[in-house]
Number of protein chains: 2
Amino acid sequence: MLLSKSCVYGLRASLYLASKRDGEFYSLKEISKELGISFHFLTKILQQLTADGLMESYKGPNGGVRLSQKGKDATLFDLVVAIDGLGLFTQCALGLPGCGSQEPCPLHESWMNTRGSIEHMLKRTSLIGIAREGKEKHFRLSAEGKFSWQ
Amino acid sequence: MLLSKSCVYGLRASLYLASKRDGEFYSLKEISKELGISFHFLTKILQQLTADGLMESYKGPNGGVRLSQKGKDATLFDLVVAIDGLGLFTQCALGLPGCGSQEPCPLHESWMNTRGSIEHMLKRTSLIGIAREGKEKHFRLSAEGKFSWQ
DNA sequence: CTAAATTAGGACAAACAACTCTTAAATAGA
DNA sequence: TCTATTTAAGAGTTGTTTGTCCTAATTTAG
Ligand code: FES
Ligand code: FES
């Protein structure tokens with residue numbers, strides 16, 4: 001798969017938060033239940049996003065997580081990089097060390113284009129924007145239609 | 001990474017064969033040494049390609065593998081599918097089951113485009129063509145410049 | 001016929017990704 | 001203050017990918 005499972009779960013949880021009331025905290029228990037993601041696993045992933053400054057968390061009853069300002073301004077690219085790192089956008093398609101035009105592999109030119117189109121797609125898509133569109137058009141965010149944008 | 005290691009090794013070995021004398025068998029020992037790939041691991045991968053009809057093998061002294069006619073006609077897409085399967089070209093970007101326009105996820109439209117550009121790039125690139133170009137322009141096929149297109 | 005070279009194929013081991021469980025720390029409310 | 005609720009953090013488990021090893025089967029050459 002293009003993105004790791006951690007990354008996909010992080011994206012889905014971020015879309016969830018972006019579609020909810022701004023500034024409010026939502027508990028991981030609720031998010032994991034609605035999206036059908038393992039609670040403990042999701043915890044780890046959102047801890048990463050919190051550490052990265054894309055989310056804020058609050059402990060205790062009525063606690064939870066919410067998007068920070070940085071998170072609200074983020075594109076999908078920012079989220080993907082926060083979890084999967086830059087590998088997808090820097091590595092050689094043939095796995096050779098140091099992808100670059102100094103000593104390209106046979107796929108370099110084609111891959112640079114394709115890689116660029118992936119990167120561009122993620123960079124032009126804002127989290128907030130895609131969440132709004134998803135809410136409007138009732139796109140799905142979980143298997144089995146568990147989640148319904150409220 | 002976009003492609004699995006198995007897939008990348010298979011591609012590199014295929015490029016190797018495509019750049020060599022047509023119809024001749026080259027031993028896995030030689031290929032693995034020149035490309036810096038584990039001999040036994042490469043064996044497994046090329047067995048897959050042989051089973052898939054993209055290569056032909058011959059046992060015994062002076063034995064080895066070579067591209068079949070199907071292999072010589074193949075595009076990178078054919079090779080990728082033979083090893084990694086169709087997953088990359090059929091699965092939902094958010095990992096939801098049954099990617100399709102009936103019940104799209106928020107990324108569906110964007111991902112269909114991007115996925116299409118990956119697919120198109122692989123389909124328009126023929127193995128033989130890219131091998132010829134690589135040989136002409138002395139592109140690299142291994143780390144550390146072990147391999148030099150002879 | 002025999003020995004060496006080679007692919008085929010299975011069992012195994014190591015590394016990594018994905019997932020689970022337990023305990024600690026913070027917070028709210030009774 | 002005490003208890004329940006929640007995130008934080010780390011250890012542990014499972015499963016998949018990657019890589020290794022050993023034994024067969026096939027073929028060539030002497
Ligand atoms: S060197 Fe291989 S893709 Fe750039
Ligand atoms: S349904 Fe998610 S990409 Fe098609």
Side-chain angles (χ1 to χ4, degrees), chain A residues 1-13 16-17 24-68 71 80 83-85 87-88 91 94-95, chain B residues 1-13 17 24-68 71 80 83-85 87-88 91 94-95 143:
Chain A
M1 246 198 318
L2 187 79
L3 305 175
S4 70
K5 288 224 167 192
S6 295
C7 188
V8 160
Y9 292 164
L11 282 174
R12 286 169 56 197
Y16 180 95
L17 289 174
E24 271 191 35
F25 288 99
Y26 290 86
S27 80
L28 287 166
K29 192 174 155 197
E30 174 188 329
I31 303 174
S32 66
K33 191 170 294 180
E34 286 225 39
L35 297 182
I37 301 172
S38 147
F39 169 78
H40 288 99
F41 195 27
L42 187 60
T43 292
K44 293 287 142 97
I45 298 159
L46 297 198
Q47 272 171 28
Q48 262 188 275
L49 293 179
T50 301
D52 213 74
L54 289 159
M55 290 185 181
E56 292 161 351
S57 67
Y58 199 79
K59 291 178 183 173
N62 309 317
V65 294
R66 69 180 178 195
L67 293 176
S68 67
V80 168
I83 298 177
D84 277 352
L88 180 61
Q91 286 170 6
L94 291 185
Chain B
M1 246 197 321
L2 187 79
L3 306 174
S4 71
K5 287 223 165 192
S6 295
C7 188
V8 159
Y9 292 164
L11 282 174
R12 286 169 56 197
L17 289 174
E24 272 191 34
F25 288 99
Y26 290 86
S27 80
L28 287 167
K29 191 174 155 197
E30 173 186 331
I31 303 174
S32 65
K33 191 169 296 180
E34 287 225 37
L35 297 182
I37 301 173
S38 146
F39 169 79
H40 287 99
F41 195 28
L42 187 59
T43 293
K44 295 284 145 92
I45 298 161
L46 297 199
Q47 272 171 27
Q48 260 187 277
L49 293 179
T50 301
D52 212 76
L54 290 159
M55 289 185 180
E56 292 161 350
S57 67
Y58 200 78
K59 291 178 183 172
N62 309 318
V65 293
R66 68 181 179 195
L67 292 176
S68 67
V80 168
I83 299 177
D84 277 352
L88 181 60
Q91 287 170 5
L94 291 185

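Throughout, protein chains are lettered first and strands after them, A, B, ... in sequence-line order, and every chain is numbered starting at 1. Nothing here was measured: the structure is a model prediction, and the numbers come from that model.
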Q: Would you kindly give the CD1-to-C1' distance between I45(B) and dT20(D), to the nearest whole Å?
A: 13 Å
Q: Provide the start and end nucleotides, 5' to 3', of the part of DNA chain C that has atoms under 4.0 Å from heavy atoms of chain A.
A: dA18(C) to dG29(C)
Q. Where each residue is assigned the nucleotide of DNA chain C containing its nearest heavy atom, which of F39(A) and Y58(A) is assigned the position nearer the 5′ end?
A. F39(A)
Q) When rounded to the nearest 0.5 angstrom, what distance separates CG in L35(A) from OH in Y9(A)? A) 10.5 Å
Q: Measure from the side-chain heavy atoms of K59(B) and tell me the nearest of dC21(D), dT6(D), dT26(D).
A: dT26(D)
(Q) As an exercise, state the distance from CD of Q47(B) to CG of L28(B), rounded to the nearest 0.5 Å. (A) 8.5 Å
Q) Tell me: CD of Q48(A) to C1' of dT7(D), nearest whole Å? A) 15 Å
Q | Rounded distance (Å) that lies between atom C1' of dT18(D) and atom CG of D84(B) | A | 13 Å
Q: Measure from NZ on K5(B) to C1' on dT20(D) and round the result to the nearest Å.
A: 15 Å
Q: Please state how far atom NZ in K44(B) lies from atom C1' in dT18(D), giving the value in whole angstrom units.
A: 11 Å
**Q.** Pairwise distance CZ(R12(B)) to CD1(I31(B)) - rounded to 0.5 angstrom
**A.** 12.0 Å
Q) According to a strict under-4.0 Å criterion, is T50(A) in side-chain N/O contact with OP1 or OP2 of dT7(D)? A) no
Q: Report the relative orientation of the aromatic rings in Y58(A) and F25(A); use parallel for angles under 30°, tilted for 30 to 60°, perpendicular for over 60°.
A: tilted
Q: Kindly say if Y26(A) contacts the phosphate of dT6(D), meaning a side-chain N or O under 4.0 Å from OP1 or OP2.
A: no
Q | Rounded interatomic separation in angstrom, taking CG from N62(A) and P from dT7(D) | A | 11 Å
Q) In whole angstrom, what separates F41(B)'s CZ from dG19(D)'s P? A) 5 Å
Q: Return the nearest nucleotide to the side chain of T43(A); candidates are dA8(D), dG19(D), dA29(D).
A: dA8(D)
Q: Name the nucleic acid region contacted by L28(A), choosing base, sugar-phosphate or nothing; use a 4.0 angstrom heavy-atom cut-off, strictly under.
A: sugar-phosphate
Q) With a 4.0 Å cut-off on heavy atoms, is Y9(B) in touch with a base, just the backbone sugar-phosphate, or nothing at all? A) sugar-phosphate
Q. If each of Q47(A) and P61(A) is mapped to the nucleotide of DNA chain D with the nearest heavy atom, which maps nearer the 5' terminus, i.e. the 5' end?
A. P61(A)
